[in-house]
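One structure is given here, and the rest of the page talks about it.
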Amino acid sequence: MPLKPWSGRFTQKTDKLAEEFNASISFDRRLYKHDIMGSIAHAKMLAKAGIITKKEADKIVGGLKSIEKEIDASKFVFTYDLEDIHMAIEKRLTEKIGPVGGKLHTARSRNDQVALDIRLYLRDEIKEIQNLIKNLQKTLVDVAKKNLGCIMPGYTHLQKAQPILFSHHLLAYYEMMKRDYERFEGCYKRVNVMPLGAGALAGSPYPLDRDFVANELGFDKPTDNSLDSVSDRDFCIEFCSAASLVMMHLSRLSEELILWSSHEFDFIELSDAFSTGSSIMPQKKNPDVPELVRGKTGRVYGNLFSLLTTMKSLPLAYNKDIQEDKEALFDTVDTIKKCIKIFSPMLQTMKINKERMLDATKGGFLTATDAADYLVKKGIPFREGHHIIGKIVAYCIKTSQGLEDLSVDEWKGFSKVFDKDIKKAISVEASVDNRKVKGGTALEAVKKRLKEIERALK
Ligand code: ARG
C-alpha cells in the first residue's frame with residue numbers, strides 16, 4: 001500500500017470504505033490526457049520561472065508523456081487508494097523518474113489543477129458538440145430541400161391550424177439548433193480562462209508566469225481571482241444548461257416524429273434501421289429512438305439540477321462537494337453527443353408520406369383565415385370577415401362539407417362580395433403561397449431562407 005501524499009500528518013490509515021467513498025478515480029480517469037497536458041505546461045513554466053531546472057522539467061515532461069502512452073494502451077493500473085487521476089499520475093511519475101517527479105506539484109494544488117483539467121476537457125467537448133450540431137443542421141437543410149413542395153397541416157394546440165410547407169417546419173428546428181450552437185459559443189468563452197496559479201485558494205508565493213501557461217494551453221487569459229478560480233463551476237452549469245436546451249429541442253422533434261409515425265397521423269415512416277419491434281405483438285414497429293431521446297432529456301435536466309443544487313450553498317472556496325461536478329458533466333456530454341449523432345441518419349432515412357400530409361390539410365377548415373383575408377381584400381373589416389367565415393364553418397359542419405366543397409352560390413349566400421375566385425383563394429396551395437413575408441411558409445420565402453442558411457453553413 002503506497003503512502004498517501006498527505007500521510008505526514010496522519011497516524012492512522014484511511015478506512016477502506018472511506019477510501020472508496022472519497023475516490024473519484026473511477027470517473028475522473030477520463031481526464032488523464034488533459035491532466036497530463038496541463039502538467040506539462042506547468043512544468044515548463046516552473047523551469048522558465050527558475051523554480052525547477054530545465055533538466056528537471058525535461059525529465060518530468062518525458063515521464064508524463066510516457067504515462068500518457070501507458071494509459072492509452074490500457075497498461076496503467078488504477079486503484080482507489082490514489083483517490084483521483086491527479087494523484088495517480090503524480091505517483092506513477094515518481095515511480096518512473098524518481099524523486100524529481102515530486103517537484104511537479106510545486107506551486108500547484110489539486111484544486112486549481114482539477115479546475116484546469118475540466119476546462120481543458122470541456123473545451124474539446126464543446127467543439128465536438130458544435131460540429132455535431134452543424135451536422136444535424138445540414139441534415140435538416142438537406143431533408144428540407146429534398147421535400148420542398150410538400151404541404152402539411154400546421155398546428156396550434158395540436159389542432160390543425162393553417163397549411164405550411166414541411167420544409168418550413170423542419171427549418172424551425174434549424175433555427176433552434178442555430179441558437180444552441182451560439183449558446184455553446186458563449187459558454188466556450190467562459191470556459192476558456194486559465195485557473196492554474198490559484199493554488200489551493202489564495203494564490204501562490206512563487207513567481208509564476210500564469211500568462212505563459214495560459215498561452216501554452218491556448219486559453220484567452222488567466223483567471224482574475226484565486227478563490228473564484230478554484231470554486232467556480234458556473235461554466236459546468238452553463239454547459240449543462242445549454243445541453244438541456246439542445247435536449248429540449250431534440251425532444252420536441254422526437255415527440256413530433258413519434259406522433260407523425262403513428263397510424264393516426266401516418267405522415268412519416270422511420271426506417272426499419274431506426275425502429276424496433278415488439279416481443280409479443282407481431283404487427284408493431286416502434287419509434288424507440290426518438291422515444292429514448294425524449295426520455296434522456298430527463299436525465300440531462302437532472303444533471304443540470306444536480307449541479308445547481310450541489311453548488312448552491314457552498315462557502316468559498318473549494319469544498320469536496322465540488323467533486324460531484326464530474327459525473328453529471330460527463331453524463332451530459334455523453335448523452336447529448338449520442339442523441340445529436342443519431343438524429344441525422346434517422347432523419348435522412350425516414351420516408352415522408354407527402355400525399356398523406358397534403359390529404360390531412362383537407363376538410364379541416366385550414367384555410368378559413370384565408371377566406372377571412374379574402375373578405376378583407378374586398379373591403380370588409382377583418383373582425384366582420386372573421387364572423388362571416390365563422391358562420392360558414394358552422395354551416396359546413398352542419399352539412400358535412402369542407403370549405404373546398406362549397407359552391408360559389410353557397411359562398412354568395414353568406415356575403416355578396418364572394419366571387420368565383422374564392423375557390424382558388426381558399427386552396428391550400430394559395431394559402432401557403434401567399435405567406436411570402438420574411439420568415440413565412442411560402443415556397444419563395446423558404447427558398448430565400450434556405451439560401452441564407454446554406455451560406456451560413458459553409
Ligand atoms: N478529486 C478532487 C475533485 O475532483 C480533486 C480536488 C481535490 N482537492 C482537495 N482539496 N481534496 O474535486
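All residue numbers in this chain count up from 1 along the given sequence. Read the numbers this way: they start at 1 and go in the same order the structure lists the ligands and their atoms.
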**Study point:** atom 2 (C) of ligand 1: nearest protein contact (heavy atom, Å)
**Key:** Q323 OE1, 3.2 Å
Point to revise | Closest protein heavy atom (residue, atom, distance) for atom 6 (C) of ligand 1 | key: Y318 OH, 3.5 Å
Check your understanding: Which atoms from ligand 1 have a heavy atom of S24 less than 4.0 Å away?
Key -> 1 (N)
**Study point:** Where I60 and I97 come nearest, the two heavy atoms and their spacing
**Key:** CA-CD1, 3.8 Å
Point to revise | Check: E56 main-chain N/O paired with T53 side-chain donor or acceptor under 3.5 Å | key: yes
Practice item. Among all protein heavy atoms, pick out the one at the shortest distance from atom 9 (C) of ligand 1; state its residue, atom name and that distance to 0.1 Å. Key: N111 OD1, 3.4 Å
Practice item. Could you tell me which non-hydrogen atom of D124 sits nearest to which non-hydrogen atom of H34, and how far apart they are? Key: OD2-NE2, 2.8 Å
Check your understanding: K326 heavy atoms, cut-off 4.0 Å: which ligand 1 atoms fall inside?
Key -> 3 (C), 4 (O), 12 (O)
Check your understanding: Is the cationic atom of K354 (NZ for Lys, CZ for Arg) positioned less than 6.0 Å from the six-membered ring centroid of F166 and within 45 degrees of its normal?
Key -> no
Review point. For ligand 1, which atoms sit closer than 4.0 Å to a heavy atom of D84?
Key: 1 (N), 2 (C), 5 (C)
Exercise for review: Report the nearest protein non-hydrogen atom to atom 11 (N) of ligand 1: residue, atom name, distance rounded to 0.1 Å.
Suggested key: R110 NH2, 3.4 Å
Practice item. Taking all heavy atoms of R435 and all of D370, pick out the closest pair and write down the distance. Key: NH1-OD1, 2.9 Å
Check your understanding: Relative to each other, are the rings of Y121 and F330 parallel, tilted or perpendicular (30° and 60° limits)?
Key -> perpendicular
